[in-house]
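Since the structure comes first, as structure tokens, the remarks are kept for the end.
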Amino acid sequence: FSSFSFLIKDNLLSAISFASFHYRNKFEDGIPCINQFIEISMILNGKVSIKDEKLLRAAVLVNIVNDTHVRIESIEMLFGKDVRMIAEILTYINRNNKSTKVLLEKLGDASDGAKKVQLATLSSDLKYAAKHDEKEREILLSWYDQMAE
């Protein structure tokens with residue numbers, strides 16, 4: 001990536017292009033996975049009126065480390081330390097199967113920006129809860145409630 005970093009502009013469109021490239025063959029129920037991350041950014045911008053470009057870039061890149069071969073160091077190199085820090089904490093929270101208490105404490109210690117991105121992610125994810133059976137849906141919604149608190 002280092003030889004191409006001069007081609008990446010530090011803006012939302014660059015983050016969307018980067019994520020689109022890495023999610024190009026990933027689909028969920030026939031819908032490109034990148035759509036969810038664009039939706040998260042749109043929730044922050046449209047419904048919450050977030051104008052902070054770094055936060056919107058982080059929203060687009062929030063799960064790219066979990067879902068692709070992109071390394072967290074690449075996020076920092078291309079999009080800056082602030083975007084990396086948000087992506088890193090949310091990658092940790094969304095990847096680990098540690099106790100709920102540990103993950104909620106980690107989220108509690110996260111920046112306000114990371115919390116906003118996580119809440120927008122939860123908002124986006126709610127539509128997928130209906131696809132689970134009743135028991136799984138209850139567990140999922142309980143987890144979402146705890147994170148939202």
Query raised in the report: Does a donor on one side chain sit under 3.5 Å from an acceptor on the other, for Asn11 and Ser14?
Result: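 Side chains of Asn11 and Ser14: pair found under 3.5 Å.
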[X] (side chain) donor-acceptor with [Y] (main chain) under 3.5 angstrom:
| X | Y | result |
| --- | --- | --- |
| Ser17 | Leu13 | yes |
| Thr91 | Ala87 | yes |
| Thr68 | Ile64 | yes |
| Lys106 | Tyr92 | no |
| Ser142 | Glu138 | no |
| Asp133 | Glu136 | yes |
| Lys115 | Gly108 | yes |

Euclidean distance, [Y] [atom2] relative to [X] [atom1], rounded to 0.5 Å:
| X | Y | atom1 | atom2 | value |
| --- | --- | --- | --- | --- |
| Gln36 | Tyr23 | CD | OH | 8.5 Å |
| Cys33 | Ile38 | SG | CD1 | 11.5 Å |
| Glu76 | Asp82 | CD | CG | 9.5 Å |
| Asp112 | Asp52 | CG | CG | 11.5 Å |
| Ile16 | Leu56 | CD1 | CG | 9.0 Å |
| Ser20 | His22 | OG | NE2 | 10.0 Å |

Query raised in the report: Which is it for Leu90 and Leu107 under the side chain to side chain contact (heavy atoms under 4.5 Å, CB included) test, yes or no, and what are the steps along the way?
Result: CA-CA 8 Å; Leu90 297 181; Leu107 183 60; 4.2 Å; yes
Taking the side chain as everything from C-beta on, heavy atoms only, tell me whether [X] gets closer than 4.5 Å to [Y].
| X | Y | answer |
| --- | --- | --- |
| Phe79 | Arg84 | no |
| Leu141 | Leu126 | yes |
| Phe27 | Asn35 | no |
| Val65 | Arg71 | no |

Requested in this report: Identify whether Val62 and Ile43 are in the same connected component of the hydrophobic contact network (ILVMFWY, side-chain heavy atoms under 4.5 Å).
Outcome: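 They do not share one cluster, since no chain of ILVMFWY contacts under 4.5 Å joins Val62 to Ile43.
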Query raised in the report: Do Ile75 and Met85 belong to the same hydrophobic cluster, where Ile, Leu, Val, Met, Phe, Trp and Tyr are linked whenever their side-chain heavy atoms lie under 4.5 Å apart, directly or via other members?
Result: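 The answer is no; the residues belong to distinct hydrophobic clusters.
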Shortest non-hydrogen contact from [X] toward [Y]:
| X | Y | value |
| --- | --- | --- |
| Ser111 | Ile86 | OG-CG1, 4.2 Å |
| Ala110 | Ile89 | CB-CG1, 4.0 Å |
| Leu55 | Gly113 | CD1-O, 3.2 Å |

Report task. Evaluate side chain to side chain contact (heavy atoms under 4.5 Å, CB included) for Val60 paired with Phe18, printing each intermediate quantity in order. Result -> CA-CA 9 Å; Val60 171; Phe18 180 80; over 6 Å; no
**Report entry** Exceeds 12 heavy-atom contacts within 6.0 angstrom, atom NZ of Lys135
**Finding:**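 Count not over threshold, so no.
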Query raised in the report: Between Asn45 and Leu12, is a side chain to side chain contact (heavy atoms under 4.5 Å, CB included) present by the stated rule, with each step listed?
Result: CA-CA 11 Å; Asn45 183 256; Leu12 181 57; over 6 Å; no
Report task. Could you go through the side chain to side chain contact (heavy atoms under 4.5 Å, CB included) check for Thr121 and Val117 one step at a time? Result -> CA-CA 6 Å; Thr121 302; Val117 172; 4.1 Å; yes
